[in-house]
Amino acid sequence: MKTDYFRKEKEHDFVQAYEAELKLLGESAPYVSRDDLILRTLHSGRGRYYVSYEEASRNVRRIMNHLPLSRRNALKVSMYQELAQRVAEYLKSKPLASFKDALFTVLAEEKASRFFFGVQTARLILYRYQRGEVV
């Protein structure tokens, strides 16, 4: 159930970011290929971390303890590494904060540097949006 919630939120946010990128391009939008536009959207920094607190906590702790992750997806691994870096920065700036507070604050308030999925997934989301399946 939680996965479905994050999936819908992720897809909605991606479509909104895609439309924002189209608006930024203005009159030059028809001359930009769809894949270029998708790449611009993926790296726009408009996404968030679409992961539960429990899963983020497990994986960020593993990274901070220099243990390997069980994930094989390179984008997911980079997402957890980015989360771990941001949590470490938060703890450095606020030494009295606990790990739980730091992770919760990062997940709730900070934007991710990118959407952590690939071009194929982005194409599928846009296709489903055009068919009216993504709200």
ring-ring contact (aromatic ring centres under 6.0 Å, His included) against F115, all qualifying residues, sequence neighbours excluded |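 With neighbours one apart ignored, the set is F14, F117.
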
Among V51, L67, L69, find the residue that satisfies the side chain to side chain contact (heavy atoms under 4.5 Å, CB included) test when tested with N59.
->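 Of the listed residues V51, L67, L69, the side chain to side chain contact (heavy atoms under 4.5 Å, CB included) partner of N59 is L69.
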
Roughly how far apart are M64 CE and L103 CG, rounded to 0.5 Å?
->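 Here the rounded value is 9.5 Å.
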
Can you see which heavy atom on L107 is nearest to which on A56, and at what distance?
->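 Taking every non-hydrogen atom into account, CD1-CB, 4.0 Å.
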
Compare every heavy atom of V60 with every heavy atom of A84, then report the nearest pair and how far apart it is.
->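 Smallest heavy-atom distance, with atoms named: CA-CG1, 3.8 Å.
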
Rounded to the nearest 0.5 Å, how far does CG of L126 lie from CZ of R34?
->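 The CZ atom of R34 sits 5.0 Å away from the CG atom of L126.
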
Sole residue of R86, E89, E82 in side chain to side chain contact (heavy atoms under 4.5 Å, CB included) with V106 |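 Among R86, E89, E82, the one meeting side chain to side chain contact (heavy atoms under 4.5 Å, CB included) with V106 is R86.
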
Spacing of K10 atom NZ and I125 atom CD1 [to the nearest 0.5 Å] =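 Those atoms lie 5.5 Å apart.
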
For Q81 and I63, which heavy atoms make the closest approach, and how far apart are they?
->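 Result for this residue pair: N-CD1, 3.5 Å.
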
Trace of the salt bridge (charged side-chain N to carboxylate O under 4.0 Å, His left out) decision for E21 with R46 | CA-CA 10 Å; E21 286 294 320; R46 291 189 174 106; 2.7 Å; yes

For the residue pair E19 and Y129, confirm or rule out a side-chain donor-acceptor distance under 3.5 Å.
->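 Yes, Y129 and E19 have a side-chain donor paired with an acceptor closer than 3.5 Å.
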
Are L24 and Y18 connected, step by step, through hydrophobic side chains (Ile, Leu, Val, Met, Phe, Trp, Tyr) whose heavy atoms are closer than 4.5 Å?
->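 Unlinked, L24 and Y18 end up in two clusters.
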
Which value, rounded to the nearest 0.5 Å, describes the distance between T41 atom OG1 and D13 atom CG?
->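 So the gap between those two atoms works out to 12.5 Å.
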
Given Y80 and R62, is the side chain to side chain contact (heavy atoms under 4.5 Å, CB included) satisfied, shown in steps?
-> CA-CA 10 Å; Y80 290 121; R62 290 187 69 79; over 6 Å; no

Take K8 and Y50 through the side chain to side chain contact (heavy atoms under 4.5 Å, CB included) test and state the conclusion after the steps.
-> CA-CA 10 Å; K8 288 179 182 177; Y50 304 99; over 6 Å; no

N73 versus F116: any side-chain heavy-atom pair under 4.5 Å?
->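 No, their side chains stay 4.5 Å or more apart.
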
Salt bridge between E54 and R58, side-chain N to carboxylate O under 4.0 Å?
->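 R58 and E54: not salt-bridged.
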
Does Y127 belong to the same Ile/Leu/Val/Met/Phe/Trp/Tyr cluster as L22, with side-chain heavy atoms less than 4.5 Å apart forming each link?
->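 Different clusters.
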
Kindly write out the residues that satisfy ring-ring contact (aromatic ring centres under 6.0 Å, His included) with Y49, not counting sequence neighbours, or none if the list is empty.
->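 Checked Y49 against ring-ring contact (aromatic ring centres under 6.0 Å, His included); zero matches.
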
Pairwise distance CD(E55) to CG(L83) - rounded to 0.5 angstrom =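 So the gap between those two atoms works out to 10.5 Å.
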
May I ask you to test the R114-L75 pair for a side-chain heavy-atom distance under 4.5 Å?
->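 Side chain of R114 against side chain of L75, heavy atoms only: contact under 4.5 Å found.
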
Neighbour count >12 (heavy atoms, 6.0 Å) for atom CZ, F104 =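 Count not over threshold, so no.
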
Between K76 and M79, is a side chain to side chain contact (heavy atoms under 4.5 Å, CB included) present by the stated rule, with each step listed?
-> CA-CA 5 Å; K76 291 291 183 188; M79 178 185 71; 4.2 Å; yes

Please lay out, stage by stage, how L37 and L25 fare under the test side chain to side chain contact (heavy atoms under 4.5 Å, CB included).
-> CA-CA 9 Å; L37 188 55; L25 288 173; 3.6 Å; yes

Considering all heavy atoms of both residues, which atom of V87 and which atom of A102 are nearest to each other, and what is their separation?
->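 It is CG1-CB, 4.0 Å.
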
Would V32 and L39 show up in the same hydrophobic cluster when neighbours are defined by side-chain heavy atoms closer than 4.5 Å?
->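 Cluster IDs for V32 and L39 match.
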
Please list, chain by chain and in numerical order, all residues satisfying salt bridge (charged side-chain N to carboxylate O under 4.0 Å, His left out) with R123, sequence neighbours excluded.
->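 Checked R123 against salt bridge (charged side-chain N to carboxylate O under 4.0 Å, His left out); matches are D35.
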
Short side-chain to backbone donor-acceptor contact, S57 and Y53, under 3.5 Å =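 No, because the side chain of S57 does not come within donor-acceptor range (under 3.5 Å) of the backbone of Y53.
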
